[in-house]
Amino acid sequence: MPIVLKSRDEIAIMREAGRINAEVLQMLVDCLRPGLVEKELDEIVRKEFKKRSVIPAFLGYQGYPATVCVSINEEIVHGIPGDREIVDGDIVSIDLGCVHKGFVADSAVTVAVGNVSPEGRRLIEVTRESLNRGIEAARAGVRLGYIGAAIQACAESEGFSVVREYVGHGVGRQMHEDPQVPNYGNPDSGPVLKEGMVIAIEPMVNVGDWRTERDSDNWTVRTLDGSLSAHFEHTIAIRDGEAEVLTLP
Ligand code: MF3
Ligand code: CO
């Protein structure tokens with residue numbers, strides 16, 4: 001499938017989608033505390049999305065049963081919000097997507113709840129920074145591999161590893177469009193970034209080994225070695241040659 005370039009008008013709608021997604025994601029972050037049950041996050045999303053007349057992008061996607069992914073500690077991504085209670089010391093990754101006027105926005109954050117170990121806190125900060133490096137690297141005229149190389153250099157320089165088996169992606173009319181956006185690899189690889197491209201950049205960084213395994217629920221992805229993992233994601237558009245972050249409140 002060819003990469004779809006978005007028009008100025010389409011990016012204006014995606015900006016609204018991104019803002020709404022970011023606002024609701026921030027609401028979820030603000031209510032995280034020990035004792036909160038994962039499912040409550042899904043309930044908040046349903047209510048807040050309805051209020052804002054947007055549709056959950058994840059619900060029903062390949063049979064996914066919720067509006068949001070909640071992945072705790074050694075869980076990397078795609079955790080299904082259930083009856084689990086968040087406890088003091090957890091690191092909680094929340095991933096959210098919405099569809100607004102036919103366009104998708106997708107973003108994620110990892111949050112330290114209460115007394116998190118220094119290593120857990122450092123993992124969160126390094127993963128956030130690696131996303132920022134990836135965003136800075138995303139410019140018209142460079143190859144896509146430049147983004148992943150910047151992310152990988154940042155994470156590995158701190159002794160962490162970058163997940164290989166899950167990657168970022170083009171986004172817009174569909175949640176997953178071409179191209180795939182790896183968080184690692186050769187800077188001189190991949191297609192050249194162009195004005196109007198919209199992609200989701202989403203580094204997943206592990207304290208230990210990069211390998212992953214999937215839970216018996218067929219969704220939750222966790223680190224194979226049981227080490228902590230963090231995840232940050234923004235949807236960005238290439239505008240005037242640079243990355244404009246669309247998923248900001
Ligand atoms: N942000 C995730 C992604 O980009 C969302 C997919 S979760 C799913 O792949 F549940 F919808 F599959
Ligand atoms: Co995504």
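Predicted model only: the values in this text are computed from it and were never measured. Hydrogens, waters and symmetry mates are skipped; everything else that's a heavy atom, side chains included, is used. As the structure lists them, so they are numbered: ligands from 1, and atoms in each ligand from 1.
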Any N/O/S atom, backbone or side chain, of His169 lying under 2.8 Å from the Co ion (ligand 2)?
yes
Just jot down the ligand 1 atoms closer than 4.0 angstrom to any heavy atom of Glu202, in number order.
1 (N), 3 (C), 4 (O)
Using a strict cut-off of 4.0 Å, indicate which atoms of ligand 1 neighbour a heavy atom of Met175.
6 (C), 11 (F)
Is any side-chain heavy atom of Glu195 closer than 4.5 Å to a side-chain heavy atom of Asp240?
yes
Pull out every atom of ligand 1 sitting under 4.0 Å from any heavy atom of His78, numbered as shown with elements.
6 (C), 7 (S), 9 (O)
In the protein, which heavy atom is nearest to atom 3 (C) of ligand 1, and how far is it?
His176 NE2, 3.4 Å
Short N or O distance, Trp219 and ligand 1, threshold 3.5 Å exclusive:
no
With rounding to the nearest 0.5 Å, note down the distance linking CD in Glu119 to CZ in Phe160.
6.0 Å
Hey, are the side chains of Glu16 and Lys101 touching, using non-hydrogen atoms and a 4.5 Å cut-off?
yes
Evaluate whether atom CG of Asp30 has more than 12 neighbouring non-hydrogen atoms of other residues, nucleotides or ligands under 6.0 angstrom away.
yes
Interatomic distance, CZ@Arg128 vs CD@Glu125, rounded to 0.5 Å, equals 4.0 Å
Return yes when Gly97 approaches ligand 1 closer than 4.0 angstrom through a heavy atom, no otherwise.
no
With distance as the sole test, does Asp88 use its side chain to make a donor-acceptor pair with the main-chain N or O of Asn115 at under 3.5 Å?
yes
Do Phe58 and Asp106 have side chains that approach each other closer than 4.5 Å (heavy atoms only, starting at C-beta)?
yes
Output the list of atoms in ligand 1 that are nearer than 4.0 Å to some heavy atom of His169, sorted by atom number.
3 (C), 4 (O)
Which heavy atom of the protein is the closest neighbour of atom 1 (N) of ligand 1, given with residue, atom name and distance?
Asp95 OD2, 2.6 Å
Row for the Co ion (ligand 2): angle OE2 (Glu233) to OD2 (Asp106), 10° precision, value 90°
Heavy atom under 4.0 Å from ligand 1: found in Tyr61's side chain, backbone, both, or neither?
side chain
Answer with side chain, backbone, both or neither: which part of Ala108 has a heavy atom less than 4.0 angstrom from an atom of ligand 1?
neither
Looking at Gln180, I'd like to know if its CD atom is crowded, meaning that more than 12 non-hydrogen atoms belonging to other residues, nucleotides or ligands lie closer than 6.0 Å.
no
Side-chain heavy atoms of Val24 within contact of Leu96, under 4.5 Å:
yes
In the protein, which heavy atom is nearest to atom 10 (F) of ligand 1, and how far is it?
Tyr64 CG, 3.0 Å
Report yes or no: does Gln62 have a heavy atom closer than 4.0 Å to ligand 1?
no
Determine which of the N, O or S atoms in Glu202 is closest to the Co ion (ligand 2) and give its atom name.
OE2
Is the shortest heavy-atom distance from the side chain of Pro179 to the side chain of Ile199 under 4.5 Å?
yes
